[in-house]
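As the structure lists them, so they are numbered: ligands from 1, and atoms in each ligand from 1.
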Amino acid sequence: MNVWLGPGLLPAETLREELAGCYGVVCLLTDRIDRVLIESLPDLRFVSSMSVGVDHIDVAALTERGIPLGYTPGVLVETTADTTFALLLAAARRVCEADRFVREGSWRLENRWSPDFFAGKDVAGATLGLLGLGEIGQAVARRAQAFGMRVVAWNRSPRNVPGVENLDLETLLAASDFVSVHVALAAETRGLLNAERIALMKPGAVLVNTARGGIVDEVALVAALASGRLSAAGIDVFAQEPVPAGHPLLTLPNVVLTPHIGSATAQTRARMADLATRNAIAALKGEHMPHCANPEVYGG
Ligand code: DGY
């Protein structure tokens with residue numbers, strides 16, 4: 001058994017070398033398991049990822065070879081919904097901007113308070129549009145309802161969730177004061193929020209993304225935030241992670257940025273590790289994984 005203990009993350013070249021001859025892989029979302037790598041591993045019988053998203057893995061390449069892919073759904077739902085709501089509130093009420101203002105000593109007697117001082121955007125009474133109404137989207141809907149928001153959603157196949165109105169994508173974008181992304185990154189969702197769709201958003205709307213970076217066109221997002229067309233954004237995930245130094249998002253005051261920490265609580269990370277381990281142990285025993293992203297490999 002090869003175990004990578006660091007330092008740091010496993011570089012692609014080392015990953016290839018370490019996996020030579022391996023029967024199974026337990027990996028993180030930072031490990032890119034692509035077709036070339038999969039095809040170079042004739043002995044590979046399973047992959048278990050400690051993540052719910054599997055866009056770092058070529059699922060089709062695994063499925064073609066009948067290799068099960070374990071993932072960790074369910075256990076990070078509430079934690080990720082909390083992160084989403086934290087970003088939504090922080091962006092709406094300019095919390096990080098205000099924090100920087102106080103820390104850098106800009107809060108002085110002459111600007112102590114005024115009627116429009118750090119005026120943000122109300123959440124109660126506002127409309128939240130959810131792109132994706134899976135488990136995380138639904139958990140965000142529950143929080144939004146408790147905060148007095150109207151919740152609308154777009155999902156590829158509309159879902160019946162109490163208090164949530166299903167809308168088509170364009171209508172949702174035009175109607176929502178806040179838009180939060182909760183779809184998985186796949187070929188059909190890459191660039192879903194492109195320049196044309198961002199242009200449909202309500203003037204002054206706030207965008208929150210705790211799903212995956214590739215779903216939102218970052219160039220179009222930056223332009224909309226810089227022009228004031230969107231009032232703010234809360235972004236946890238990026239097209240390239242870590243977000244490169246000098247990325248224009250880093251220069252905008254009206255954006256709250258976090259480094260892909262949607263599921264980052266000690267308890268949730270332990271639950272994810274536990275599920276990833278259970279998937280791997282099942283595969284080692286020749287049993288079906290309890291949480292398999294490509295169950296068709298088991299037939300029937
Ligand atoms: C996942 O598991 O895919 C999440 O992005 C981790 O936070």
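For Arg108, the CZ atom counts as densely surrounded, since its 6.0 Å shell holds more than 12 non-hydrogen atoms of other residues, nucleotides or ligands. For Arg156, the CZ atom sits in a loose shell: 12 or fewer heavy atoms of surrounding residues, nucleotides or ligands are nearer than 6.0 Å.
Relative ring orientation between His247 and Phe238 is described as perpendicular, the plane-to-plane angle rising above 60° on a 0-90° scale split at 30° and 60°. Between Phe117 and Phe101, the two ring planes are perpendicular [angle over 60°; tilted spans 30° to 60°].
Counting only N and O atoms by type, the side chains of Thr268 and Thr265 include a donor and acceptor under 3.5 Å apart.
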Please tabulate, line by line, the atom pairs linking an N/O of ligand 1 to a protein N/O at a distance below 3.5 Å, with the distance in Å to 0.1, or answer 'none'.
from	atom 1	to	atom 2	distance (Å)
ligand 1	2 (O)	Val52	N	2.7
ligand 1	3 (O)	Val52	N	3.4
ligand 1	3 (O)	Gly53	N	2.8
ligand 1	3 (O)	Arg212	NH2	2.7
ligand 1	5 (O)	Arg212	NH1	2.8
ligand 1	5 (O)	Arg212	NH2	3.4
ligand 1	5 (O)	His260	NE2	2.8
ligand 1	7 (O)	Ser263	OG	2.7

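For Tyr71 and His291, the ring centers sit 6.0 Å or farther from each other.
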